[in-house]
Structure formats: C-alpha cells, structure tokens
Amino acid sequence: MNDLDRRAERAGILAEYRDLYGEWRVTSAETKAALLAAMGVTEEDAEPARRLPRWLVCSPGTAPALDLEDWQLDLEEGGQTEGRGSLPDLPMGRHRLRAGGEQCWLLCAPETLPLPDRGWGLMAPLACLRPAAQGGIGSYDDLAQLAEGAAAQGAGFLGINPIHAGFHVADPDGFSPYTPSHRRRFSPLYLSTDTSASTGAQVDFAAETPLRLAALEAEFRATPPGPEFDDWLRREGAALERFALHQALSERHGAYWGDWPRALQDPDSPAVAQAASDLADRVRFHAWLQFATETALAQAQARARAAGMVQGLYLDLAVGTHPQGAETWMERGTFAFGASLGAPPDAFAPQGQNWNLAPFNPMKLEETGFEALALTLRQQLRFAGALRIDHIIGFERAYWVAEGLPGAFVQMPRDAMFAVARIEAARAGAVIVGEDLGVIPDGLQQALSGSGILGCRLACFEHRGDPPDFKRPENYDEAVIASFTTHDLPTWSGWRRGAEIDIRERIGLTPPDHADGMRQWRAREVAGFDWLSGQFRGDLPPHAPEAMFRVLAACRSRLVALQVEDVLGIDTQPNLPGTVSEYPNWRLRLPAGPEQISAAPTLANAGRIMEGSGRRRAS
C-alpha cells in the first residue's frame with residue numbers, strides 16, 4: 001500500500017464499493033487525492049500512535065470502560081473533575097476526557113430510544129397551504145390551523161419539508177428546502193404577512209419573496225421589538241449575531257459568500273468586524289426575523305400539542321448545506337470544501353448525482369465532539385416532537401463527488417452520530433426518523449432499529465417478484481414509519497396511472513420503448529397492490545385512497561404517514577411546461593386551504609380507518 005492509499009484509508013475513503021447492479025467500483029488515485037484535499041489532509045499529516053480513542057459511546061449512570069493514569073473530565077452541562085485510574089459514572093451528554101496529552105469525547109447516550117405508540121399523521125407542503133385562488137405562500141399560522149384540524153381527526157403529527165433558512169435575502173430563486181443556507185436557522189418566508197399575493201398553479205417564490213420581506217420590514221419599523229427580543233438576543237449570543245450579519249452582507253454583496261470581496265469571506269477578518277458596526281441596523285432586522293420565526297414555530301407546535309397531537313410538528317432535516325451559504329461561512333472548519341454530497345450511478349441517474357451540498361468533515365466532527373451535529377439536531381427538536389433525517393445513509397457512509405472526477409464513499413463515524421442523535425432525542429422526548437431508502441449498506445437498518453430510530457418503508461416499493469407480490473401489513477418492521485409514497489414520488493392516483501413515467505418520457509429522460517415497458521410493469525404493480533388491498537378494503541373500490549389507507553392502517557409499523565395530496569384526491573400534474581425538477585410537490589398549490597383540508601371527507605375517513613386499526617387517537 002502506497003502513502004496515498006494509507007492516508008485515504010485512515011481518512012475513511014473507501015477503496016471500492018459495490019454499485020446497484022452488483023459491480024465493484026474502484027476509487028481512483030485522483031479521486032482519493034481530491035477528497036483528502038477537501039478534508040484538509042496533506043502529505044505531511046501523519047496519525048500519531050494513540051492510547052485514547054477519539055470518541056467512545058457509553059451509557060448514562062455507568063463508568064466508561066477506560067483505565068487511565070491522571071485524567072481531567074469536562075462535563076457537557078458544566079463542571080470539571082479530575083482523578084486517577086477508573087472514571088466515574090457519567091450523566092447523559094457529550095463529555096470531553098483529557099489524559100496523557102490526548103482527548104477523547106465520551107458520548108453518554110441511552111442505548112435505545114423508546115418506540116412511539118401506534119399512531120398516524122399527515123404530510124403537507126407548507127409553502128402550498130394556500131389555494132391558487134387565494135395565492136401567496138403558506139404560513140406558520142396556516143400550519144397551526146392544519147395541525148388543529150388534523151388533530152381533531154385523530155392525527156398525531158403533521159410533517160412538512162425542511163424550513164431551514166434559505167437565500168431569500170439576495171436570491172429569491174434559491175428557495176429549494178433541500179439546499180439550505182443554514183440548518184440551524186429557519187425561513188422567515190412563512191411568517192404571516194399582508195401582501196398582494198401571486199396566484200396560479202405554482203408557488204411563485206421569486207415574485208412573493210420581495211413582497212413578504214418588505215411587509216415584514218414595515219412591521220419591524222412600525223412596531224420596534226421590545227425587551228423580550230433583547231433578552232432573546234442575549235441568550236442566542238454570538239452565533240445569532242453572526243448569522244444576522246451574514247444576511248446583511250448578502251443584501252449588499254450577493255447571496256453566495258464566494259462572490260463577496262475577499263476580505264469579507266473570512267468572518268473573523270477586521271473588514272467583517274467593521275461591517276458589523278456599519279450594518280448594525282440591518283443586522284438587528286435580520287435577527288428580529290429569526291426571533292419572529294422561532295416565536296411563530298413555537299406557537300404552531302404549542303397549538304398542535306394543545307389540540308391533542310402526540311408528536312405535533314414533524315420537521316425535516318436536510319442532508320447537507322449549500323457550500324456558499326451562511327452555515328459554511330460561519331463554520332468553515334466543520335465542512336469539507338472541494339467535494340459535494342451526491343449519489344452513485346443508479347437506474348434513475350446513470351451518470352450519478354452531484355447535489356451541490358457541502359458535507360460534514362468527519363475528522364472535524366470527531367475533533368469537536370460532534371458539536372455541529374448535536375446543535376443542529378437540538379435546534380430542530382426545540383420545535384418538533386418528531387424529526388426526519390434526510391438520507392441517514394450518510395451517517396454510515398457519504399458519497400462525495402469532486403469536480404470532474406468519479407465519486408467515492410467516505411466512511412462516517414456511524415455509532416457516534418447515532419449516539420448524538422439519541423442524546424438529543426432523549427432530551428427532547430422526541431421521535432427520530434431516518435430516511436433509509438435506496439441502496440442500504442449492510443447493517444445500517446439493524447443499527448437504526450437498535451437505536452430506536454425509525455426507518456422508512458414506502459408501500460409502493462415493498463414488493464418482490466413478477467408479478468409483484470406486495471408485503472403484507474403484518475410483515476412490516478415495527479420500528480418504521482410507513483407511507484405509500486413521499487413528497488418526491490407520484491401521488492396515489494398518479495402512481496396508479498404511471499404519471500411520472502409519462503413525464504420522464506415527455507422530457508426525454510426515458511426512451512419511448514423503455515417507457516412502454518415501465519407502463520406494463522406499473523400495470524402489474526397496480527394489480528398486485530389491488531389484490532392485497534382487496535383483503536382489507538371491504539366494499540371500497542380499489543382506486544379509492546381509503547383502500548390504500550386501510551392497508552397502511554393494518555401495518556405493524558408504529559407510525560403511518562398519509563400525503564395530503566392523497567387525502568384531497570390530487571393527481572400528479574404532468575402537463576406543466578419545463579422539467580420534473582422544476583415542479584416538485586412542495587411548489588404545486590393545493591386546491592384547498594387548512595380549514596378546507598381539515599374538513600375533507602377523506603381526512604375524516606382516514607381518521608376513522610386509523611382509529612379502527614388501534615392507532616392512537618388525539619385526546
């Protein structure tokens with residue numbers, strides 16, 4: 001093994017991996033060198049011999065299995081102790097141990113999280129919670145109204161797409177919830193405002209965003225925030241100030257810090273300190289936007305819980321962050337630069353995928369005791385009783401793509417990251433869901449289950465053989481959340497008629513002869529599911545959404561999620577111009593607002609079906 005291979009192995013860069021088709025793909029020397037550079041590993045870096053591990057997972061109330069000479073221990077909640085020999089019993093948390101010139105992070109986590117009671121909930125795109133006739137972007141108040149209405153029908157949670165802070169200040173087109181600017185800050189675009197809203201089949205972020213920001217600033221000027229805001233500012237401290245400064249600089253220099261003057265690209269530079277003084281008023285305004293947003297989110301969660309929801313809001317954590325957004329500007333050392341998260345080649349993207357998202361640098365995570373991960377989870381769980389971690393496969397191994405080179409997998413410290421998730425979920429009394437769809441590494445789903453982190457099962461994919469033999473509800477795993485599809489797959493009615501196949505053929509992603517074969521396969525899938533639902537649906541016709549709900553209700557899984565589009569009987573809309581990626585579900589307006597959705601007969605039917613299956617009803 002040469003020096004490059006040794007350094008790549010130490011850094012966790014896999015030498016090879018098996019792809020979707022069972023073929024082994026070897027990581028090239030060029031890719032190894034590029035990924036090492038992205039991690040900041042140079043040829044001079046050498047791993048010294050260590051007595052202590054970099055991190056150790058242990059259990060609350062027990063002593064870590066380490067026997068040392070002199071040691072010092074810094075507890076997460078404060079306090080320091082020192083001693084010699086065995087360590088003391090530890091409370092839950094992330095604690096730093098120092099001994100012999102080395103440090104080790106002790107991740108004291110419950111061995112597993114308790115599974116939630118059997119329940120169900122509704123998934124809805126927040127931006128679209130206003131019908132076309134009314135227009136505008138859905139608000140946190142709309143979210144609270146829908147939560148109250150869904151709770152009245154027995155729903156225990158209301159799930160939405162990520163609501164991280166985006167690039168609304170300087171790039172209204174940079175609105176994708178899965179390409180955020182900062183995952184520990186929230187989008188103020190969903191604050192209730194009085195604007196001349198645009199209408200139409202799609203949410204028009206480019207038109208609506210400036211109107212919303214102008215209305216919010218008018219509110220800020222008309223009613224200056226008082227002592228409560230100042231107290232919040234003091235509690236949030238420097239991290240909030242730095243984020244607000246980034247937003248103010250974005251107004252002046254553009255959305256992406258890589259395009260800023262060089263002196264402003266370093267948040268610790270004298271030029272940035274001067275800018276903070278010069279832009280103090282704008283910094284205060286952007287800080288207030290975060291204060292107003294967190295207040296609205298807290299109120300929405302409080303209303304959901306008061307209405308009887310068990311979990312309340314079910315938030316979504318994006319897998320990565322934009323490489324030139326606020327998060328990377330503020331915390332440069334936490335991320336790898338020069339590589340993006342992505343996915344290896346598969347049937348949907350034979351060329352592979354580059355998501356243009358900055359990955360966590362695993363070496364820096366270990367050095368800092370996984371602080372960035374812990375704080376990100378903690379912030380989301382302040383406002384939610386359940387949290388979905390997008391592409392949790394990235395806790396096992398992440399696919400990194402350097403520009404112009406084939407990608408490769410980087411091994412992540414899975415057990416440590418799961419332990420951090422358990423710590424934060426236990427503190428919040430929350431449910432964690434890991435999106436484990438796609439090509440799953442061996443052992444990942446067992447590790448999820450062992451941690452009490454729920455996996456995801458999509459009924460549309462749960463079959464084998466030809467003709468398709470769909471999995472029976474009693475054979476579903478217990479520690480999962482089951483649904484028929486997700487936000488980026490066809491609706492129930494769209495799936496039945498192969499709407500996404502038509503779209504892919506129309507825009508040239510699927511050749512016509514292949515599309516014909518896919519339609520024939522879909523017809524066999526529909527027939528297979530209808531055979532299964534026939535054992536549960538009674539007198540319902542097979543195409544009725546309630547026929548599918550009956551199958552999900554019978555699932556052994558602890559939680560079930562229903563898509564609002566299916567509750568409203570919405571078909572996939574294949575006749576819009578452009579490409580599929582321009583019209584994801586979270587941009588297509590719903591035909592009804594929160595009150596109308598709450599009163600939909602199908603939602604009431606869903607509540608009765610779920611309650612009849614023994615799933616917990618809101619109290």
Side-chain angles (χ1 to χ4, degrees), residues 113-124 146-160 301 304-315 384-388 425 429-435 449 452-460 462 470-486 492 529 532-540 544-568 597-619:
L113 299 171
L115 295 182
D117 292 334
R118 282 170 57 83
W120 70 282
L122 191 65
M123 307 297 296
L146 181 55
E148 290 170 335
Q153 303 296 350
F157 61 86
L158 176 58
I160 54 176
Q301 174 67 343
R305 286 283 181 84
M309 280 195 163
V310 181
Q311 286 84 30
L313 299 185
Y314 171 28
L315 297 184
L387 178 66
R388 173 186 180 270
V431 175
I432 299 289
V433 176
E435 189 261 309
S449 179
I453 297 174
L454 303 189
C456 296
R457 298 295 180 271
L458 305 186
C460 67
E462 290 293 318
F470 277 80
K471 181 184 289 186
R472 293 188 59 82
E474 62 268 25
N475 293 330
Y476 273 62
D477 295 327
E478 184 180 18
V480 301
I481 182 170
S483 61
F484 187 76
T485 61
T486 67
W492 162 248
F529 192 85
L532 176 64
S533 72
Q535 301 168 61
F536 299 91
R537 66 175 185 262
D539 295 333
L540 289 167
E546 291 92 338
M548 176 260 290
F549 298 166
R550 288 260 178 100
V551 175
L552 292 178
C555 282
R556 184 167 168 259
S557 59
R558 286 296 181 101
L559 296 182
V560 162
L562 307 182
Q563 307 295 318
V564 71
E565 294 88 352
D566 296 334
V567 167
L568 296 176
I597 296 169
S598 300
T602 307
L603 182 59
N605 292 342
R608 286 190 288 269
I609 290 169
M610 295 298 164
E611 185 179 12
S613 73
R615 294 191 178 275
R616 183 172 177 178
R617 182 174 178 80
S619 57

Taking NZ, NE, NH1 and NH2 as the nitrogens, is one of them in Asp477 or Arg556 under 4.0 Å from a carboxylate oxygen of the other? no
Under a 4.0 Å threshold between the charged nitrogen and the carboxylate oxygen, would Arg558 count as salt-bridged to Glu478? yes
If you measure from [atom1] on [X] to [atom2] on [Y], what distance do you get to the nearest 0.5 Å?
| X | Y | atom1 | atom2 | value |
| --- | --- | --- | --- | --- |
| Glu565 | Ile597 | CD | CD1 | 9.0 Å |
| Ser557 | Glu474 | OG | CD | 12.0 Å |
| Cys555 | Trp120 | SG | CH2 | 15.0 Å |
| Met123 | Leu158 | CE | CG | 8.0 Å |
| Ile453 | Leu115 | CD1 | CG | 11.0 Å |
| Ser533 | Met548 | OG | CE | 10.5 Å |

4.5 Å side-chain heavy-atom contact, [X] and [Y]:
| X | Y | result |
| --- | --- | --- |
| Val431 | Leu454 | yes |
| Ile160 | Leu313 | no |
| Tyr476 | Lys471 | yes |
| Pro545 | Val567 | no |
| Arg457 | Ile481 | no |
| Leu568 | Thr602 | no |
| Leu532 | Pro473 | yes |
| Leu315 | Arg388 | no |

N/O donor-acceptor pair under 3.5 Å between [X] side chain and [Y] backbone:
| X | Y | result |
| --- | --- | --- |
| Asp566 | Trp492 | yes |
| Ser613 | Ala553 | yes |
| Glu546 | Ala606 | no |
| Arg537 | Leu540 | yes |

Donor-acceptor side-chain pairing of Gln311 and Arg305 below 3.5 angstrom: no
Kindly indicate, with the supporting measurements, whether the criterion side chain to side chain contact (heavy atoms under 4.5 Å, CB included) is fulfilled by Leu122 and Gln153. CA-CA 11 Å; Leu122 191 65; Gln153 303 296 350; over 6 Å; no
Listed partners of Phe470 passing ring-ring contact (aromatic ring centres under 6.0 Å, His included), at least two apart: His463, Phe529
Qualifying residues under ring-ring contact (aromatic ring centres under 6.0 Å, His included), relative to Phe157, sequence neighbours excluded: Tyr314
Non-neighbouring partners of Arg550 that pass side-chain hydrogen bond (donor to acceptor under 3.5 Å, both in side chains), sequence neighbours left out: none
Full working for side chain to side chain donor-acceptor pair (under 3.5 Å) between Arg608 and Asn605: CA-CA 5 Å; Arg608 286 190 288 269; Asn605 292 342; 2.4 Å; yes
